[in-house]
There are 2 protein chains.
Amino acid sequence: MATQKELAEIAGVSAGTVSNVVSGSTRVSDHTRKKVLEAIRKLDYRPNLIARSLKTNRTNTLAIVIPEITNPFFPKLVCGAGLAAREHGRFLIVVDTDEDAALELELISILQSQRVDGILLVSATGDWNVGDNLALLQSGPPILCLDRVPRGLNVDSVSVDNRAAAAMGVAHLLSMGHRRIAVITGPLNLTHENERLSGYRQALQRAGIKTQDSLIWASTFDPRAIEEACHKGLLLGSDRPSALFSTNGFVALEALRSIYAAGLRTPEDIAFTTIDEIAAADFFQPAITSVVQPIFEMGYRAAEALLERIEKGDALGAPRKERLSPKLVVRASSSFVHRAPSRGRVSNEG
Amino acid sequence: MATQKELAEIAGVSAGTVSNVVSGSTRVSDHTRKKVLEAIRKLDYRPNLIARSLKTNRTNTLAIVIPEITNPFFPKLVCGAGLAAREHGRFLIVVDTDEDAALELELISILQSQRVDGILLVSATGDWNVGDNLALLQSGPPILCLDRVPRGLNVDSVSVDNRAAAAMGVAHLLSMGHRRIAVITGPLNLTHENERLSGYRQALQRAGIKTQDSLIWASTFDPRAIEEACHKGLLLGSDRPSALFSTNGFVALEALRSIYAAGLRTPEDIAFTTIDEIAAADFFQPAITSVVQPIFEMGYRAAEALLERIEKGDALGAPRKERLSPKLVVRASSSFVHRAPSRGRVSNEG
DNA sequence: GTGAAAGCGCTAACAT
DNA sequence: ATGTTAGCGCTTTCAC
């Protein structure tokens, strides 16, 4: 691949002048510019950004690190961040950690070594105080946590008010007349899942209802674990909760699978509400009530905030924790249906 | 951020020795190694990959360029490619073009300037002969086209046998007794969509059935366009096709929306089969018959093939066109149901 | 307006 | 085994 030096020779000018044409920093006469552009065309010249970055100490690149690209939640986040990055003339690269904390650490380290200008992190790690990796993150280009805000990482963050989101959904179920409401969560070592569980407790407490451990189904992102938790919970028979609240879309889809597999219907046998819209949501009959997060906006806003931090650095002051508001979309799955105790039943019919 | 020079000073050795410790190329005595490692820890040193790449002329990075990260098809591709890249010690970055040909070109150009070692391209551009951008792609790091194989880009490619995939699906509908089969496609300027249409024609021809233009619903990736095409086609009343074949998962989901919105059922009112599994497929009642592509494997194989090209270069010979085989998964939506002509009806009931 | 030259951080060939 | 040095391709003073 051609270099500026080669261009300079062909165009009969100095390398510095070529650089001025390419990056447009200094004024160049129309005549020489033309000659240089001609040479560029002839040699298929592409500026070597590696060399430029080494010199200028910036890459014009932002990275977003996500745990699981196949979970439809994250692509939406990426889209928002991508738009903001582009609007600010930056390039956004996406990296997938496969929900693996060790891989996440390695990839972040590479990105830092790559000298990206900043990193948007949706961490698979709930607590960065564990281990001695924290120092690595504190030095280097700015990191902003989005969606998930791990403990021990004192950086900017943009996330949804998770506690309010859950409280909102559970309060809605309460308002529909439900009193025996179960919650199913993802891994509780993740702060946002924890916050959502706490929102569930809060809503019940405000309604004067005592939380029961048997109604808190703490699970993981493993479909089998979710199925197991649901199966156990749904087997309660006439003691079965009248409503189930899921703390995220991935778990929700698996939970619905279990509910249907058990031959139960929403909302007749068990009412259902979840945080996040589930995939192909409009095909569900009846439609699923959801607490909707502004995912795209969260990505967009996060990239904006990260860029501000990059530009201003410490002048921006201490880490800024931004929270966006979710909103409730009421549909049919959360209704209250009077139920005779005897109706409770579990089957494996498809 | 610390440099090797600074490390050298602290450790009381030369910069070259530090480099040897960091990159492990030459043997270093345990004693000096220890001193250097100590300094690395103390200064939070992260090697500057920019500088390394400038020197070594490789970045250890592969890029995958996809048209639309929110379409669940592409994340699966990314996963496969990511695994292969990791297994070969490379870093994979993902870039989204938003199905925009101009943006795609710009992003590829940046990646080339970034000197990634190779690019996996799922192009939004059907024909690279148009315009004068071809030269840009031919020079620079190797590109491999996957899934979609645009015209005019003479590079390695890995894709599915699209013609066979469509022929397989349509042949299945024929075997179920359907004779009047419509097809709905994405944009036909994309070669893979074209190949699939051609597979549809082939299957009908083999069965001795003449294709009718009114049964070929050429659409785009715009949901409204798909809806319109379906609406028009489904309005045919008693003349309505007895089966609909969709050439991809995105279109399929929108088509099903239209079918249901028209108050029709699969397969009773219109049988349905599609290439690709649709999102939340197992929730559809009856389940949707699909021609399934080996998406993950395609991504994996593509990254492998690209790496071979990177290692061996022209020694590998002319561009290699690899085709993977799809397979048919028969479910309930494709059955044949005898239909009284009068049953045809269109409504807007939800 | 243009050219000459230094240097970004690193690797690798060579010298010791 | 370790130090010295040149140079990757670019930007950016500083002269002219």
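Letters A, B, ... mirror the listed sequences (proteins, then strands); counts begin at 1. This one's a predicted model, so the numbers in the text were calculated from it and none came from an experiment.
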*Touch class at under 4.0 angstrom, heavy-atom based, for Ser19(B) against every strand present*: base
_For atom CG of Asn48(A) and atom P of dC10(D), their distance in whole Å_ = 5 Å
*With the threshold set at 4.0 Å, does a side-chain nitrogen-carboxylate oxygen contact exist between Lys35(A) and Glu38(A)?*
no
_Need one value for Asn20(A): base, sugar-phosphate or nothing, where a base atom within 4.0 Å counts as base even if backbone is also close, heavy atoms only._
base
*Within the side chain of Thr125(B), is there an N or O that forms a donor-acceptor pair under 3.5 Å with the backbone of Asp127(B)?*
no
*Name the nucleic acid region contacted by Val22(B), choosing base, sugar-phosphate or nothing; use a 4.0 angstrom heavy-atom cut-off, strictly under.*
nothing
_Return whichever of Ala15(B) or Ile50(A) has its heavy-atom-nearest nucleotide of DNA chain D closer to the 5' end._
Ala15(B)
*Going by distance alone, is a donor N or O of one side chain under 3.5 Å from an acceptor N or O of the other, for Tyr300(B) and Glu87(B)?*
yes
*Using atom CG of Leu54(B) as one end and atom P of dA12(C) as the other, report the distance to the nearest whole Å.*
13 Å
_Less than 4.0 angstrom between a side-chain N/O of Thr56(B) and OP1 or OP2 of dT11(C), yes or no?_
no
*dA4(C) P sits how many Å from Gln4(A) CD, rounded?*
15 Å
_Considering every strand and a 4.0 Å limit on heavy-atom distances, what is the contact class for Thr32(A): base, sugar-phosphate, or nothing?_
sugar-phosphate
*Through what angle, rounded to 10 degrees, does the axis of the helix from dG1(C)-dC16(D) to dT16(C)-dA1(D) turn between its ends, using five pairs per end?*
40°
_I want to check one thing: is the phosphate of dT2(C), taken as OP1 and OP2, less than 4.0 Å away from some side-chain N or O of Thr17(A)?_
no
_Rounding to an integer number of Å, can you tell me how far Glu9(A) CD sits from dG9(D) P?_
13 Å
*For DNA chain D, whose closest nucleotide is more 5', that of Pro47(A) or that of Thr26(B)?*
Thr26(B)
*Figure out the CG/P separation between Leu7(B) and dC10(C), and round it to whole Å.*
8 Å
_Phosphate-side-chain proximity, Ser14(B) and dT4(D), N/O vs OP1/OP2 below 4.0 Å_ = no
_SB check Arg90(B) Glu311(B) (cutoff 4.0 Å)_ = yes
*Please determine if Arg148(B) and Glu99(B) form a salt bridge, counting it only when a charged side-chain N lies under 4.0 Å from a carboxylate O.*
yes
_Do the side chains of Arg309(B) and Asp156(B) get close enough for a salt bridge, i.e. N-O under 4.0 angstrom?_
yes
*Between dC10(C) atom P and Lys55(A) atom NZ, what is the distance in whole Å?*
15 Å
*Any luck finding a side-chain donor-acceptor pair between Gln114(A) and Thr59(A) under 3.5 Å?*
no
